[in-house]
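Just below is one structure, and these are the notes that go with it.
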Amino acid sequence: MPESLVNPSDKAGLPPGAIVHVGEVPQHETRIKVVDIGTGNVAENQLNSLHELAQYKDTDSITWVIVEGLRGANLVAELEPVFGIHPLVIEDILNTHQRAKFEEHEHYVFIVMKGLLSDKRQFHVRTEQVSLLLLDKFVFTFKERQDDLLQPILQRIKAGKGRFHSLGPDYLVYTVLDIIIDNLFLLVDTLDEQTNALEDKLLTSKTTQKTLRAIQGLKRELIHVRRNITPMREVLAGMMRSESTLISDKTGIYLRDALDHTIRIVESIESYRDILSSLLEIYVSTISNKMNEIMKVLTVFASIFIPLTFLTGIYGMNFQHMPELSWNWAYPALWVLFITIPVVLMIYFKKKRWL
Amino acid sequence: MPESLVNPSDKAGLPPGAIVHVGEVPQHETRIKVVDIGTGNVAENQLNSLHELAQYKDTDSITWVIVEGLRGANLVAELEPVFGIHPLVIEDILNTHQRAKFEEHEHYVFIVMKGLLSDKRQFHVRTEQVSLLLLDKFVFTFKERQDDLLQPILQRIKAGKGRFHSLGPDYLVYTVLDIIIDNLFLLVDTLDEQTNALEDKLLTSKTTQKTLRAIQGLKRELIHVRRNITPMREVLAGMMRSESTLISDKTGIYLRDALDHTIRIVESIESYRDILSSLLEIYVSTISNKMNEIMKVLTVFASIFIPLTFLTGIYGMNFQHMPELSWNWAYPALWVLFITIPVVLMIYFKKKRWL
Amino acid sequence: MPESLVNPSDKAGLPPGAIVHVGEVPQHETRIKVVDIGTGNVAENQLNSLHELAQYKDTDSITWVIVEGLRGANLVAELEPVFGIHPLVIEDILNTHQRAKFEEHEHYVFIVMKGLLSDKRQFHVRTEQVSLLLLDKFVFTFKERQDDLLQPILQRIKAGKGRFHSLGPDYLVYTVLDIIIDNLFLLVDTLDEQTNALEDKLLTSKTTQKTLRAIQGLKRELIHVRRNITPMREVLAGMMRSESTLISDKTGIYLRDALDHTIRIVESIESYRDILSSLLEIYVSTISNKMNEIMKVLTVFASIFIPLTFLTGIYGMNFQHMPELSWNWAYPALWVLFITIPVVLMIYFKKKRWL
Amino acid sequence: MPESLVNPSDKAGLPPGAIVHVGEVPQHETRIKVVDIGTGNVAENQLNSLHELAQYKDTDSITWVIVEGLRGANLVAELEPVFGIHPLVIEDILNTHQRAKFEEHEHYVFIVMKGLLSDKRQFHVRTEQVSLLLLDKFVFTFKERQDDLLQPILQRIKAGKGRFHSLGPDYLVYTVLDIIIDNLFLLVDTLDEQTNALEDKLLTSKTTQKTLRAIQGLKRELIHVRRNITPMREVLAGMMRSESTLISDKTGIYLRDALDHTIRIVESIESYRDILSSLLEIYVSTISNKMNEIMKVLTVFASIFIPLTFLTGIYGMNFQHMPELSWNWAYPALWVLFITIPVVLMIYFKKKRWL
Amino acid sequence: MPESLVNPSDKAGLPPGAIVHVGEVPQHETRIKVVDIGTGNVAENQLNSLHELAQYKDTDSITWVIVEGLRGANLVAELEPVFGIHPLVIEDILNTHQRAKFEEHEHYVFIVMKGLLSDKRQFHVRTEQVSLLLLDKFVFTFKERQDDLLQPILQRIKAGKGRFHSLGPDYLVYTVLDIIIDNLFLLVDTLDEQTNALEDKLLTSKTTQKTLRAIQGLKRELIHVRRNITPMREVLAGMMRSESTLISDKTGIYLRDALDHTIRIVESIESYRDILSSLLEIYVSTISNKMNEIMKVLTVFASIFIPLTFLTGIYGMNFQHMPELSWNWAYPALWVLFITIPVVLMIYFKKKRWL
């Protein structure tokens, strides 16, 4: 069962907006990183608490706050008083079973995306929810796990010095979305390899019950992947259409590009669905074909030898008056039959294309 | 047959708007509870008749009327003269075969939702219709059964003292919707467990006709669940879009959240549909595979012994002139054949991957 | 073949709007009934010709004309000069192969509905086209057959005295639609019983080719029913949206209710489609299962006795030098084999779950 | 392969708008007929060239030009200079692989329709493209073949004298569309007969591989028919919505009627698709059922006689010490077995419902 | 695996808009051709670098730049400073895994199309991305490969002298789109031949596992083709709707024509999908039919000879007291049985239509 099909019913009965981290992913300790992007310089810091963010509020720089690991739920709860984030939004950040979504609030924008990863050999997909808050001078990124996903962006920020400052916080948000979408292409690649491997196995007819399970497993992961990716299309389309002043026109063209990529991935996923159905059809008719072959062998054997055995039965009877028994050429004559009957049947089966 | 697929044709021929409770659910006695939420205090009362509600009409408090059990149809009929509820609305409250729906009327809003419950072990879904009326200072909740569904809300109201008064009656309506939706997550969880259990059974190949019935039973319940849940999406979207003054902007964000949850559940249900189809495909090809295996055994047995039996038949014949019969080494030679023929066939079948 | 799938190609080549009754239903003699609903009194009359309607034109009362049986095509043709009905509309009334539809004309509204009836035991659906014309003070109802469909309405009109006068002619139209829709619920009930009966048969495995035909027959009727019901949804939605002054706002709420019912029925029909597909799947895999069982029996019998027969064959041979034949314990020893071989095979098959 | 699935790739590389007749239909010689409809009189003429149309340009009458057979491509090319028809439109007239379409141009309207015919016995559909140009006082009809399709209209024009003049050229266009659509009903009738015949064959179980081919052939024609008919719906909807002054309001009601018919036909086609799928399902499970029956016979025969043959084998052995052989009642006792074993097995199979 | 299902994940981690050619197609050396279309004369030149285009910027002529082969990525990068093309657009030109798309930018229009080619014998589709930039006086065409695709246009330009100058650069863009779409018709033709060939093979019942693979291969290519062609429809619809001044109304009618063609192709592709599904159904039931035939032969042989062999077994037993053995007519009587039993069974099987 793909992990994210399991739903957070633990919450049933709690007041709406109750702030508890819900998710099966082994929870990582929270680590808070702050990247302060000024006009010319970039500073990176490790924080212990979101309270320390107050110092960044009055500066002119763009402050990128990366929160990895969501175990310290109360940490995040500090967002409401300082930045005026709605409790329901904070709930959505902590509950990692969200659909990808895009919400415009009065003074900030809230984005939920799903990062999908799979190891190369087995197509088993791991999901990570990445939530983004875009404020006037702040960008928050909340991740479930501590990993290197955002590393390339950090390096580019450091290398580009103040370039990211001029591009604005919405461009920063875009780069995060872009890296998530680029990773989806990796996923599609793995999917491609898996499907090809399966197809090769099917064509070399080393088909076993295992192949069926592999196809079904892939199919199931695909259902899961599709459910997570499809809403991303709406997210990006929503951002493009958005009239929020937080998203500048200049970034719009990048979002269109990201949207194009997402559509491409969604269409790939749909194609693989069709291809997997084809594989299943091949599998099923391979089984039928095998059955046919087995039946042919059985039929050929039985049809040839059963009549012959009947013949031997006749002359194995013990009647006193069986004149043939004493004829000298009877036995050799029977051997002629023993040879011609199979030959005739073989020709018949050959004509029926059974051999 | 899921109960709600049966339709209330008993009414055919009656005047439209005839007020009779229609529904197969064993009808409970009506119990009326009133929760009066003032600015600072909360009072809970038990009423005998809706007539007694008149006293609450002039107060400033928010009055929540919970009607559990719909047998006392005439009770409900008292709504029309006092609160000006349209007879068709009252009919819809009593006829528990409604689709979830949202209707705006002049001075009130009418909402029908479906509560879905299933016991943990078997995925057999019980449906309860929960109707809501939102007036200026009143909220009515009509339930088919007497149970604890709304208990958590009552507790929160009592604990929060006047907080619910300031949040308004529309927020109260939202909390009821929210608790219904949260219960749907429980349903999805049960569904998840059932599907997993079935899949495990299929993979350990202890597949019987029973497994098929379990898959089909689940599928059928899913059809039923889907039909009930899908319209809820429209209900919440309708409420969000509504321009009624009874639903404040502040509550809008909560409704969006509830809508997100509903969409998530609908998508889960769709996923489980796909997964159940996959299970069925596994089941069907498991049967085919089994057949193949059976056929192989039969073919191997028959193909090996039928030719041998023919051989023994030959030398069981009673011809007077069968020179082989008197040869000393003929019998041992035949034994050589009896051993080599099966060996050769075994190798052949091995190569064909039948063994 | 459901009757209404047959189309009126007899008309091909005739001028558009040629007024001929087209339909396979055995045509009934036309019977014209007039119900004149005044402010306080209700008068019911039988007419011979529509010409006699002239007398009702100048009164203030609402005149309901019920035409049952469409054989007297020329009768209906009298509508054009007197009431200004477009020839194409009259053609649609007479041609009983219409889809349900709603058309607004300058001074009248035209509605086509399909009444669907089925006998309880067999789900064989009979279709009747009911056309309605709503004018300022007139309501026309055209039915294919003479039956009791509208009887309950007539009774209510008589009982209610002038009540129907104040509700207006559009409410009268609604009551006719309502009774047609209520009858659809009866249809759904029969469908439900039929499906349940089929399912029971399938589960008790008394499956025969007949069951398949029953499923397919039901499926086919469902295709027919669905095609007839689906457009009714558009009819009611169209009436609700209509800005014609002939349909008052007050009636709007009743139409919404009727629309809700229609949607509910359409969704039921869709559910039954899914359920029938499920039944077919059960049927198909029941057959496969049966085949498996048959094959098992064959395989068990053949696999056990074929080797044993081979053994008997050996010692039935007539070689002069077969030392075993003279051994005293050879025969009993063979009996040991005759018993152990089946036992071993039985255990093997037991382990393979074939027994 | 339905003819129209083949596409005119011969044109690849030519300049867009190159005027060449493309189509596999054996091309007929062009025949030009002119029907001049004045206020009181109707004149019918045969033309040699479209140049001769100049004389009709200044009259007040409605001129209907019927061009049958498109081989004389240059003839048609005379339309551009005289009537100002765009080269691409002329290309579309000559290329008979168009979809049905409706195009509004500055001073004329262009309509492409597909006439579909099938012979009664075999459901093999022949397609003919009928293009229409509607100008202020002119109507052009281009047909691929010379046949009687438009004959009924001609007769009505002649009979009606000047009636068609007052109805306007757009009504003339409608009558052509109407006759094409009426012919589609004939097609649906043939389809209905074919499907019924197939169903009867399936139910009387005289199912052969031929039946499958018939189903598939019908299915394929249906794909073809559907592809041609579906766009006609858009054509008529487009004409109804059109704000061109060439199409009067008065004709609008006739177009709505034609649209209703088209929708009805499209829905019929969809129904037949569903029904054909059902037939295929019946076919497939009929085969499975037959297989079951065959297997049962085999199993019954084999299961009864194989054990008996084994018994005879035992007492056919030649051991010297087989005491039973000399018992007097041994042989009759064996006969008892020969009779009881089959009886017991028969009862067993009876209970399993195999007999 | 169709090439284009593989996705450019190599780029993951690079900054968005990183300009690298991504694509598996063996990259051709870049060749730049310039066609300068003046009012009366046409000049064709070969360029080494896009820098040399500067000279064409001030002339009044329409300049068509054809870039074939995208290996020289830096060449293309020269577009940004000179013509103000956005880096993301240049990235899209170089990354040949785009969907077909149409983008309006401030002073230019960007179009991506997919050219699809297949060799006649095998339906193996090769994809080439053709990107177009339409500026005020410039048209850029970027192709992956050096081939003759655009040759016919070049010839027409040269032949038409200044005609293309007056038609404008948007018409030039249209001609390129038109030639790509015309090539799609070739593709559909090949598809048609392949499908017909497959169908013929299926009907002559020379069905092998190879046929299945051919069907599946075709199906898979179709998935690929469909994915590439479907977005072209949006491209052309987008261009028609576009309000850019770069696309004149005069060209609009040509675009509508191209759109019609594209829709026609998309619908063909859909039809072939349906037809391939039908072929698969024929294939599957052909296998089942074959199985039935095999089983019949086996059953007939076994059912006839097994009882007979049992009879011979009886009189092969060695009991001392078997009176029949000494009867003179016993042996001939048995022969009567040996003949009548098969005859009776044959008649029975004949009645069951097994022979």
Side-chain angles (χ1 to χ4, degrees), chain C residues 1 5-9 11-17 86 88 91-92 97-99 101 103 105 206 209 212-213 216 219-220 223-224 227 280 283-284 287-288 290-291 293-295 297-298 301-302 305-306 308-309 311-318 322 324-331 334 338, chain D residues 152 156 174-175 178-179 182-183 185-189 192 195-196 199 203 205 253-254 256-258 260 263-265 267-268 270-272 274-275 278-279 281-282 284-286 288-289 291-292 295-296 298-299 302-303 306-307 309-310 312-322 352-354:
Chain C
M1 172 101 316
L5 283 176
V6 187
N7 282 283
S9 53
K11 245 209 68 198
L14 287 187
H86 196 282
L88 276 180
E91 190 197 350
D92 284 352
H97 291 295
Q98 300 303 313
R99 300 175 77 228
K101 68 177 164 184
E103 285 181 7
H105 292 258
K206 276 173 276 179
Q209 186 80 354
L212 174 65
R213 257 169 237 172
Q216 293 290 2
K219 216 171 166 181
R220 200 154 179 182
I223 292 172
H224 172 53
R227 229 181 90 196
L280 197 75
Y283 175 79
V284 166
I287 292 180
S288 294
K290 233 178 205 166
M291 176 84 90
E293 232 178 282
I294 296 171
M295 290 304 304
V297 168
L298 176 58
F301 266 88
F305 286 106
I306 288 182
L308 297 186
T309 306
L311 281 181
T312 66
I314 293 175
Y315 297 104
M317 293 192 294
N318 300 318
M322 287 179 72
E324 300 98 316
L325 293 182
S326 52
W327 298 347
N328 270 354
W329 47 267
Y331 179 58
L334 215 57
F338 289 166
Chain D
R156 273 197 285 141
Y174 157 71
T175 56
D178 187 61
I179 221 161
D182 277 354
N183 273 295
F185 279 115
L186 280 171
L187 195 86
V188 173
D189 278 359
D192 185 61
T195 323
N196 279 346
E199 197 175 27
L203 293 185
S205 82
I253 189 170
Y254 291 99
R256 179 158 66 173
D257 195 66
D260 274 354
I263 291 175
R264 199 133 59 86
I265 289 163
E267 288 180 350
S268 290
E270 292 300 325
S271 294
Y272 284 108
D274 285 357
I275 289 170
S278 286
L279 291 190
E281 280 164 2
I282 298 183
V284 166
S285 54
T286 300
S288 293
N289 266 320
M291 176 84 90
N292 264 10
M295 290 305 305
K296 277 181 202 165
L298 176 58
T299 303
S303 309
I306 287 182
T309 306
F310 164 63
T312 67
I314 293 174
Y315 297 103
M317 294 192 294
N318 301 318
F319 287 108
Q320 290 171 11
H321 302 278
M322 287 179 72
K352 286 222 160 189
R353 305 185 158 265
W354 291 5

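Residue numbers begin at 1 in each chain, while the letters A, B, ... track the order of the sequences. All heavy atoms count here, side chains included; hydrogens, waters and symmetry mates do not.
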Backbone N/O of Ser285(D) and side chain of Asn289(D): donor-acceptor pair under 3.5 Å: yes
Note, Tyr331(C) side chain near Met322(D) side chain (heavy atom, < 4.5 Å): yes
Non-hydrogen side-chain atoms of Gln216(C) and Glu199(D) separated by less than 4.5 Å: no
Top contributor to chain C interface from [options] [non-hydrogen pairs under 4.5 Å]:
| options | value |
| --- | --- |
| Ala302(D), Ser303(D), Gly313(D) | Ser303(D) |
| Thr312(D), Asn292(D), Asp260(D), Ile306(D) | Asn292(D) |
| Ile263(D), Leu298(D), Leu279(D), Thr309(D) | Ile263(D) |
| Pro307(D), Gly316(D), Ala258(D) | Pro307(D) |

Parallel, tilted or perpendicular: ring planes of Phe310(D) versus Phe305(C), cut at 30 and 60 degrees: tilted
Ring geometry between Tyr254(D) and His86(C) (parallel below 30°, tilted from 30 to 60°, perpendicular above 60°): perpendicular
Chain D interface, residue from Glu293(C), Glu103(C), Glu324(C) that has the most non-hydrogen pairs under 4.5 Å: Glu103(C)
Closest-packed option against chain D by number of heavy-atom pairs under 4.5 Å, given Ile314(C), Val284(C), Asn318(C), Leu311(C): Asn318(C)
What part of [X] is in contact with chain D, defined as an atom under 4.5 angstrom from a non-hydrogen atom: side chain, backbone, both or neither?
| X | result |
| --- | --- |
| Met317(C) | backbone |
| Trp329(C) | neither |
| Asp92(C) | side chain |

Side chain to side chain contact (heavy atoms under 4.5 Å, CB included) evaluation trace for Ile282(D) with Arg213(C): CA-CA 8 Å; Ile282(D) 298 183; Arg213(C) 257 169 237 172; 5.6 Å; no
For Met291(C) against Ser288(D), the heavy-atom pair lying closest together: CE-O, 4.4 Å
